[in-house]
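All chains are named by letter (A, B, ...) in the order of the sequence lines, taking the proteins before the strands, and each is independently numbered beginning at 1. A quick note: this is a predicted structure, and the numbers were derived from the prediction, not measured.
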2 protein chains.
Amino acid sequence: MKTSIKDIAKSLGISTATVSKALNNKSGVSHEMRIKVLEKAKELGYVVNNLARGMKISKTFTVGVLISDIKNPYFSEVISSMERVLYAKKYNLIICNVGENPSKEREYLELLVSKKVDGIIAAPSAEGQNLSIYRKLIRHGMKITLFDRLVDAIQTDSVVVDNSSATYEAVKYLNKYGHSKIGAIYGIKGSYTGHERLKGFLEAVKDFNVKYHENWVKSGEFKEEKSYKRAIEILNSKDRPTAIIAMNNFMTLGVMRAVKDLNIKVPDEVSIIGFDDAEWMKVCSPAVTTVVQPTDVIGMTAATLLLDAIESDIPSSPHHVVLKTSLLERESVAPPSKN
Amino acid sequence: MKTSIKDIAKSLGISTATVSKALNNKSGVSHEMRIKVLEKAKELGYVVNNLARGMKISKTFTVGVLISDIKNPYFSEVISSMERVLYAKKYNLIICNVGENPSKEREYLELLVSKKVDGIIAAPSAEGQNLSIYRKLIRHGMKITLFDRLVDAIQTDSVVVDNSSATYEAVKYLNKYGHSKIGAIYGIKGSYTGHERLKGFLEAVKDFNVKYHENWVKSGEFKEEKSYKRAIEILNSKDRPTAIIAMNNFMTLGVMRAVKDLNIKVPDEVSIIGFDDAEWMKVCSPAVTTVVQPTDVIGMTAATLLLDAIESDIPSSPHHVVLKTSLLERESVAPPSKN
DNA sequence: TTGTAGGCGTTATCAA
DNA sequence: TTGATAACGCCTACAA
C-alpha cells in the first residue's frame, strides 16, 4: 500500500532508477534484474503512485465527463458506452453531474483542470453561460469534446445528432398517415437541442402544409411534469390536434401520462411520437413510436474523438460528427379518426 | 493553466512559502500580502495542481464508486444521490462500471489505489470472488463502504435494504388479496440480494400456506430477457399461479413483456408485483405495484458513512445500516379470478 | 547494465 | 511576518 520504488530498491540493494526501468518495461535492465524487481514488487504489494507519476509525465489517464443529469437514461447510456472505450485504454472517468446549474459547471470545470485530467467530454449547460470558459480551456491546450449540445462558437471536436431533421421526419411520417393537425411539446428554445428540434418541426409544418396553431405547440422545458400539464392543455382544447410529438424522453413520459389520465385512446383518438428510447416505451400500451438516438454510438464516438485528440500531439482542425436518428415504429401512431 | 505558485512568487518578489500560506488562508501572512497574492493569482489564472497537493497532504478529494451497471436506474439514482453529498464537500467521484466481471473489478480497485482515492463506495460483484482484495484494502487502511450487496465476511461500513422482508411482505400482501398460488422470478441464488429476496419469498410461502410448485419459481438471473422466457414458461404451464413476483427492475420488465405478448390481462387474469421502481412502471397499463428501494437515501447514507470514515481519524467499529423498502400499490394486483 | 541526481508543484518545518 | 529548504514518489538524462 505504501511501498514505493525506494523500498524495492533498498531491499534489493539497487537504485530506484533500475527499479523504475524494470517496472515500466524500459530498456536498460538485464532480464534477470527485471525478474527480481517484478517479484519483489509483488511480494511487497507495490502499487504505483499515480499522483507522483502523473506529475512527472504530465498525464493522469483520467478524463472528466460533464453532463446535466445522470439519472436521464440518455446520459447513463452514453456514459456507459464511453466507459467501455475509455477503460480499454486504461482511462478513468470523473463524473460531473451539473444539473442545469452553470456555477456548478464552472466549479467542476476548475476542479477538473486542478486534477490535471487529460481531457473533458462535456454536454455543456443548456444556456451556454460558460462558453468563454470552455474557450479559454481549449486555448490553454485542454482537450475537449462536446456532445449532445453543440456550441457553434467553440472550435473543438463535437458529436451531435441530426436533431432538426429528426423532428422534420416525424412530422412527415405523421403526415403520410393523414395527420394535418399536429401538436408538439418542445424543450427550451434557448438550448441547442430544444431549438433544433423545434426548428425541424416548424419547417416540416410549413413544407407539408400541416395546420399550425400556437395552442398546440408548447414548451415542456424538457421536464415530465411541465409536459404533462401542457399536454393536458393541448388535449383539452376544443379543436385539438390529432397527433402530438414530444421532443425528449421525459416529455414523452409526461404526454403519455396525460393521455392515460384523460383516458384518451392512443392511437385511435390521438397519435403520439416520442423522442429518445426508454424501456418503458416498449412495455406500455400502446408501445411508443419514437425517434431514437444512437446513444451507444454517441458515447463511443465522443470518447474515441477525445482519445485521438489526447494521444496525437499535432492538433488537427475540429471534427464535427453528426449522427443519424431513426424513427422506431411501434404502436402509438395510426391514421386520424374521422370525426 | 500552467502557472504555479513559483510564478506568483517570482512576479511578486516573494517566496513560494508565503504564496502558499496566502492561498490556503493559513496564518503567518499579513493581510496586505494576502490580498496582493490573491490578486496576482487571479491575474495569472492560477489553478492549484492537485497532483502535487495530494502528494504532499496525502489527500485527493476523490472517491471511487464501483458498481455493476450504470445503465440500471437503481444505480444511476444511487450515484446521483451520492454525487450530491460528495460534491457538497468538494469530493469528486470516479465511476467504475464493472459489469459482472470480477477481473475488471480487480483492475479498477487497483487503479483506484494507484490514484490514491480517499475512499471507495462499492457494490461488490455478485459472486464475491474479490472478497480477499477488499479485505486487504481495508487492512491497509483504505476506507470502504459497501452497499446493495452486503458481504458479511467484510468488516466495514455498509448500507443495504431489508431484502428478505421485502419479498416476504409482498407475498403476504398477495395472500391477503386471496392468492394462494404465487410464482416468482428471482435473481441469482449465489448473490446476496438474489439469495435474500428468494429467502423472504420462501419463508412467506411457508408461513402463509401458499402453494409451492417448482415450476412457478425460476431464476431470471437479474436479466430482462431471461425473465421474459421464464415468465412465458410459468404462464404457459397448465396449472399456472395467479400471481407472480419479480425481484428486480429488469426482471419486472421481462415479466410485463411476457404478459403483454401472451395477451394475458393484468390484474384480471394474473397479478404482478415488481421490484425497484422505474418510470415505466407508472405509465404502463396497468401501472405496476412494486417494492421500492429508497435509492436516494441509500446513496446519501453510503456517501455520508464514507465521508465520516475518511474525515475521522479514529477508526470506529463498522456501521451496518439497513433501510426499509416499501410496497407501492398501483394497479397490477387484484384478487384472483374464480376459474 | 546500473546508478546519481534533479525536478515535477505543493506544503510544512524551522530560521531569520 | 517572511523565506529557505526538505520532503511527497516518480521518471529520466546523464554519468559511471
>> Under 4.0 Å, heavy atoms only, any strand: does B:L51 hit a base, just the sugar-phosphate, or nothing?
In response: nothing

>> Rounded to whole Å, please give me the gap between CD1 in B:I57 and P in C:dG9.
In response: 17 Å

>> The side chain of A:K56 is closest to which nucleotide in this list: C:dA12, C:dG7, C:dG3?
In response: C:dG7

>> Under 4.0 Å from OP1 or OP2 of C:dG9: is there any side-chain N or O of B:R53 that close?
In response: no

> Mapping B:T18 and B:A52 to their closest nucleotides on DNA chain D, which lands nearer the 5' end?
Replying inline: B:T18

> Taking all atoms of both residues into account, what is the closest heavy-atom pair of B:V117 and B:I120, and its distance?
Replying inline: CG2-CG1, 4.0 Å

>> Does any part of the side chain of A:L38, heavy atoms only, come nearer than 4.5 Å to the side chain of A:L23, both counted from C-beta?
In response: yes

> So is B:K59 actually on top of B:F61's ring, under 6.0 Å and inside 45° of the axis?
Replying inline: yes

> So what does A:K21 hit on the nucleic acid, given a heavy-atom distance under 4.0 Å: a base, only sugar-phosphate, or nothing?
Replying inline: base

> Regarding B:K115 and B:T62, is there a side-chain donor-to-acceptor distance under 3.5 Å anywhere?
Replying inline: no

> Tell me: NZ of A:K6 to P of C:dT4, nearest whole Å?
Replying inline: 13 Å

> If you walk 5' to 3' along DNA chain D, what is the first nucleotide with an atom under 4.0 Å of a heavy atom in chain B, and what is the last?
Replying inline: D:dT1 to D:dG9

> Within the pair B:S20 and C:dT11, is there a side-chain N or O less than 4.0 Å away from OP1 or OP2?
Replying inline: yes

>> Measuring to OP1 and OP2 of C:dT11, would you say a side-chain N or O of B:K26 lies under 4.0 angstrom away?
In response: no

>> From CG of B:N49 over to C1' of C:dT11, roughly how many Å is that when rounded to an integer?
In response: 13 Å

> Is it the case that A:K90 places NZ or CZ above or below the six-membered ring of A:Y87, under 6.0 angstrom from the centre and within 45 degrees of the axis?
Replying inline: yes

> Rounded to whole angstrom units, what separation is found between the CE atom of B:M55 and the P atom of C:dA12?
Replying inline: 14 Å

> Counting any heavy atom closer than 4.0 Å, what does B:I5 reach on the DNA or RNA strands: base, sugar-phosphate only, or nothing?
Replying inline: base

>> Over all strands shown, is B:N24 touching base, sugar-phosphate only, or nothing at heavy-atom distances under 4.0 angstrom?
In response: sugar-phosphate

> Between A:T16 and A:R34, who's closer to the 5' end of DNA chain C by nearest nucleotide?
Replying inline: A:R34

>> I'd like to know if the side chain of B:K116 reaches the main chain of B:L51, judged simply by a donor and an acceptor atom lying under 3.5 Å from each other, with no hydrogens or angles considered.
In response: no

> If every non-hydrogen atom of B:Y134 is compared with every non-hydrogen atom of B:L66, which pair is closest and at what distance?
Replying inline: OH-CD2, 3.8 Å

